[in-house]
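Naming: A, B, ... by sequence-line order, numbering from 1 per chain.
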2 protein chains.
Amino acid sequence: MPTSENDSPPVYREIAEDLRAAIASGELSHGDRVPGENDLMKRYRVARATARQALSVLINEGIVVAIRGSGVYVRTFRPLRRHGPRRLSRELWSTGRAIWQADAADRGFETDSIEIGNVAAPEHISRALGLPAAAPVLRRCRRYRLDGRPMQLATSYLPADLAAGTAIGEADTGPGGIYARLAELGQAPAHFTEEIRVRMPTPTEVDRLHLSAGTPVLDVLRTALTAAHSAVEVNEMTLDGSAYILQYDFDA
Amino acid sequence: MPTSENDSPPVYREIAEDLRAAIASGELSHGDRVPGENDLMKRYRVARATARQALSVLINEGIVVAIRGSGVYVRTFRPLRRHGPRRLSRELWSTGRAIWQADAADRGFETDSIEIGNVAAPEHISRALGLPAAAPVLRRCRRYRLDGRPMQLATSYLPADLAAGTAIGEADTGPGGIYARLAELGQAPAHFTEEIRVRMPTPTEVDRLHLSAGTPVLDVLRTALTAAHSAVEVNEMTLDGSAYILQYDFDA
DNA sequence: CAGTGGTCTAGACCACTAC
DNA sequence: TAGTGGTCTAGACCACTGG
């Protein structure tokens, strides 16, 4: 017979709950060291696996990180605000700034591991662009870092014939970026739609974004449309969920 | 000496990777049964804890669910599209429909466990409403279900003096809901801003939303402003991340 | 009632960090 | 070098699901 409480939660959950409460109450705060495996084994008189299981709960909730050889620590959370409409206003890119420069004025935002080439469009991309299945598209993959920390992965797709022979196919797309080049072609984006999904990251994403366990990612799929409502670009982004707050403003 | 590969990943990761690949390739698909602990122990000749650890990776990624006494299954994912701007268009609530009815026409959307009362505003709420700290506000908590499945938790806050003596304080707010009542008071919402965050759920939310492990939640904080830009309502929502796609449309 | 996943113990060896 | 977390074994008892 167990402790004979009518329906007591498992030990590891109670330990996790104690730690969670200590964090919520401020008794332990950002960056503080959390009691480790050995501490918990002594304090609660449990086996190592049980102590580990308790910690793994908090790790998978993303409120704590384990650092090998060192200890377990309360995670800090300092997200960047990403303003949907404002950052895509025409004034911005028509004056020669790349749109991601709107996110973090003056901070060390930089792009990384760029890859450009023509491919056959995946199904959801050809659909979004209104092209036949597997139509040729120009794909631009890149990674954004802020202060050295990887924040998001982004892949743009444009109809191959539209982009052919322009700076859109170059590593440096020039002042104002892709959207300014599209405008020069008479295909300036006028409307945007963004679709947002949440999920846990794949191992590849964990690696490329340096995610710790318990960190979800945001998938943002943005479609850029001209004034005539033809789709000229689709941008598929994967954001570190602990690094962003998304903001959207609109009218009734 | 281990298998002497220079830097081979741990066994449990390799097992997880095999299963992930089988799912990605379609060899195993939605609802299918995944090899269980005993299968993995035999097939890979590992101890039970190792097989469990491999499965726990996939469970925490949200790609499979474990059902006690039965087995482990590939999760199905069928999200609901929630259209930010459109669902809040004035025509909708001014014609007597509650705004959440815009999400799921004809489907069994219903509200649940409603709780209404005056409280002192939490810090982030008083800030959003432009009120002094701990000002009195009317709070409305509720839960939404679709086809019986809980989908989101929502808590609205309105300045107490504004809501006093109106149907906003009632369980049934009448045709068109809160926003129609505000309009009658000459405080019709004209602008909205929504802030989106992602995180792993608390145990309470796991319970109230029936979330399985590896499911993140979306926090949406919406502020409703009048044409004169005074904030009249703040709605703090927590959505089941596996149940929603958020969509926002806007112009350049 | 056989099989499943859930919890827990008591060990072991390893890689890494910090002093 | 002492202490940390990471991986792994070989058991045990339990609650639950399914035929």
Please determine, for the side chain of [X], which listed nucleotide ([options]) has the closest atom?
X: A:Arg13; options: C:dG6, D:dT9, C:dT7; answer: C:dT7
X: B:Arg52; options: C:dG5, D:dC8, C:dA10; answer: C:dG5
X: B:Val11; options: C:dC8, D:dT9, D:dC8; answer: D:dC8
X: B:Ala66; options: C:dG6, D:dC8, C:dT4; answer: C:dG6

Just by modelled atom types, is the A:Gly26 backbone N or O under 3.5 Å from a matching donor or acceptor in the A:Ser29 side chain?
no
Flag the pair A:Arg20 and A:Glu61 as a salt bridge only when some basic side-chain nitrogen lies within less than 4.0 angstrom of an acidic carboxylate oxygen.
yes
Write down the distance between [atom1] ([X]) and [atom2] ([N]), rounded to a whole number of angstrom.
X: B:Leu40; N: D:dT9; atom1: CG; atom2: P; answer: 12 Å
X: A:Ile15; N: C:dT9; atom1: CD1; atom2: C1'; answer: 13 Å
X: A:Arg33; N: C:dA18; atom1: CZ; atom2: P; answer: 10 Å
X: B:Met41; N: D:dA12; atom1: CE; atom2: P; answer: 12 Å
X: B:Glu37; N: D:dT17; atom1: CD; atom2: P; answer: 16 Å
X: A:Gln53; N: D:dG5; atom1: CD; atom2: P; answer: 16 Å
X: A:Asn38; N: D:dT4; atom1: CG; atom2: P; answer: 5 Å
X: A:Asp39; N: D:dT4; atom1: CG; atom2: P; answer: 7 Å

Tell me whether the side-chain N/O atoms of A:Tyr12 come closer than 4.0 Å to OP1 or OP2 in C:dC8.
no
Verify the contact: side-chain N or O of B:Ser70 to OP1 or OP2 of C:dG5, cut-off strictly under 4.0 Å; return yes or no.
no
A:Asp18 and A:Tyr44, any side-chain heavy atoms less than 4.5 Å apart
yes
Between A:Thr193 and B:Gln247, is there a side-chain heavy-atom distance shorter than 4.5 Å?
yes
Mark yes or no for a side-chain to base donor-acceptor pair under 3.5 Å between B:Arg68 and C:dG3, with no hydrogen or angle criteria applied.
no
So for A:Arg48 and D:dT7, does any side-chain atom that can act as donor or acceptor lie under 3.5 Å from a complementary atom in the base?
yes
Which part of the nucleic acid, if any, lies within contact of B:Ile67, taking any heavy atom under 4.0 Å across all strands shown: a base, the sugar-phosphate backbone alone, or nothing?
sugar-phosphate
5'-most contact on DNA chain D (nearest-nucleotide basis), A:Ala49 vs A:Leu55, goes to A:Leu55
Salt bridge (charged side-chain N to carboxylate O under 4.0 Å, His left out) between B:Arg140 and B:Glu233, intermediate numbers included:
CA-CA 11 Å; B:Arg140 298 178 52 93; B:Glu233 187 227 21; over 6 Å; no
